[in-house]
Amino acid sequence: MGRDGVRPRAGTGEFRAAAGEPDTWGECGESDAVMDTGRRPLWREEPAGRRRMAEPVRTAAVRAVIIVALTLIQAMVAFLCTLAGSWMAFPAVLSTVASTVVATWGVLDVWVTRQVWVQRNGVQSQPSSTARELRRERRQARRQQRREERGTSGADRAAA
């Protein structure tokens, strides 16, 4: 409790000053004093394992997930209506079959969109890559060799 009987807000230095802890905060809101005591933070930031999906692929994936989720809900409703013997069972089963076709199309759309995106934008050649540099050096050596051959044969022709 603070001086006025009110509990201090998290992150204020009032409570720590009373406890004799420093009022410095490190990364992720951890106190430097807590970091020195040997306690580990609750989580550790790690770099992403994979690159982010391309925008069109992500859009298609979100659309497919929504369609598949609705199809599963519709299938559950059809199943429960069938168990209950409701008049709604037959139309629900028919619409579930149609939704299954649409959900399959949605999932295939994600796959096709990804393949198209990779084909159009996937391989980006970097001018600074090692393979390109080696090819450039070999080309320059061949050109230099051709120039030298032409230079000697041109001088021979001029002398003759």
Side-chain angles (χ1 to χ4, degrees), residues 1-140:
M1 292 283 177
R3 290 172 279 198
D4 50 1
V6 178
R7 231 177 135 177
R9 283 190 357 225
T12 62
E14 190 175 332
F15 181 74
R16 269 184 252 98
E21 294 180 14
D23 191 22
T24 56
W25 284 83
E27 207 171 299
C28 299
E30 287 288 329
S31 166
D32 288 340
V34 173
M35 297 296 275
D36 292 339
T37 60
R39 286 196 239 164
R40 294 185 315 162
L42 294 176
W43 68 86
R44 205 179 300 169
E45 294 286 332
E46 294 181 7
R50 280 197 263 176
R51 292 177 57 184
R52 191 172 178 176
M53 279 192 286
E55 192 65 34
V57 178
R58 188 171 41 249
T59 304
V62 168
R63 184 174 41 236
V65 165
I66 291 171
I67 292 171
V68 168
L70 291 175
T71 302
L72 289 174
I73 291 170
Q74 198 171 7
M76 183 59 68
V77 167
F79 178 71
L80 292 176
C81 286
T82 304
L83 286 181
S86 171
W87 64 270
M88 188 103 158
F90 183 67
V93 168
L94 286 179
S95 65
T96 300
V97 170
S99 292
T100 303
V101 172
V102 173
T104 304
W105 168 82
V107 172
L108 284 174
D109 182 45
V110 173
W111 182 64
V112 169
T113 305
R114 183 181 175 279
Q115 294 299 324
V116 168
W117 191 89
V118 166
Q119 195 171 26
R120 288 183 185 163
N121 310 313
V123 179
Q124 301 283 333
S125 63
Q126 299 295 326
S128 61
S129 72
T130 308
R132 260 183 173 226
E133 195 171 319
L134 290 173
R135 283 195 307 255
R136 187 180 302 124
E137 289 173 4
R138 279 190 237 131
R139 264 195 317 267
Q140 287 174 350

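Only heavy atoms go into these numbers, but all of them, side chains included; no hydrogens, no water, no symmetry mates.
Applying the salt bridge (Lys or Arg N to Asp or Glu O under 4.0 Å) test to every pair with at least one member in residues 63-76, sequence neighbours left out, gives these pairs: Arg63-Asp109. Listed by first and then second residue, the salt bridge (Lys or Arg N to Asp or Glu O under 4.0 Å) pairs involving residues 74-93 amount to none (not counting sequence neighbours). Each salt bridge (Lys or Arg N to Asp or Glu O under 4.0 Å) pair with one or both residues in residues 81-103, not counting sequence neighbours, would appear here, but there are none.
The line from CD of Gln74 to SG of Cys81 is 10.5 Å long, rounded to the nearest 0.5 Å. The CE atom of Met76 lies 11.0 Å from the OG1 atom of Thr96; values are rounded to the nearest 0.5 Å.
Side chains of Arg114 and Met53 form no contact here, defined as non-hydrogen atoms less than 4.5 Å apart. Using a 4.5 Å cut-off on side-chain heavy atoms (C-beta onward), Phe90 and Leu94 make contact.
Heavy atoms only, all atoms of each residue included: Ala64 and Gly106 are closest at CB-O, 3.6 Å. Across Thr113 and Ala60, no two heavy atoms sit closer than the pair OG1-CB, 4.1 Å.
Under the side chain to side chain contact (heavy atoms under 4.5 Å, CB included) test applied with Ser99, the options Thr104, Thr71, Ile67 reduce to a single match, Thr71. Between Val62 and the choices Ile66, Val65, Thr59, the side chain to side chain contact (heavy atoms under 4.5 Å, CB included) rule is met once, by Ile66.
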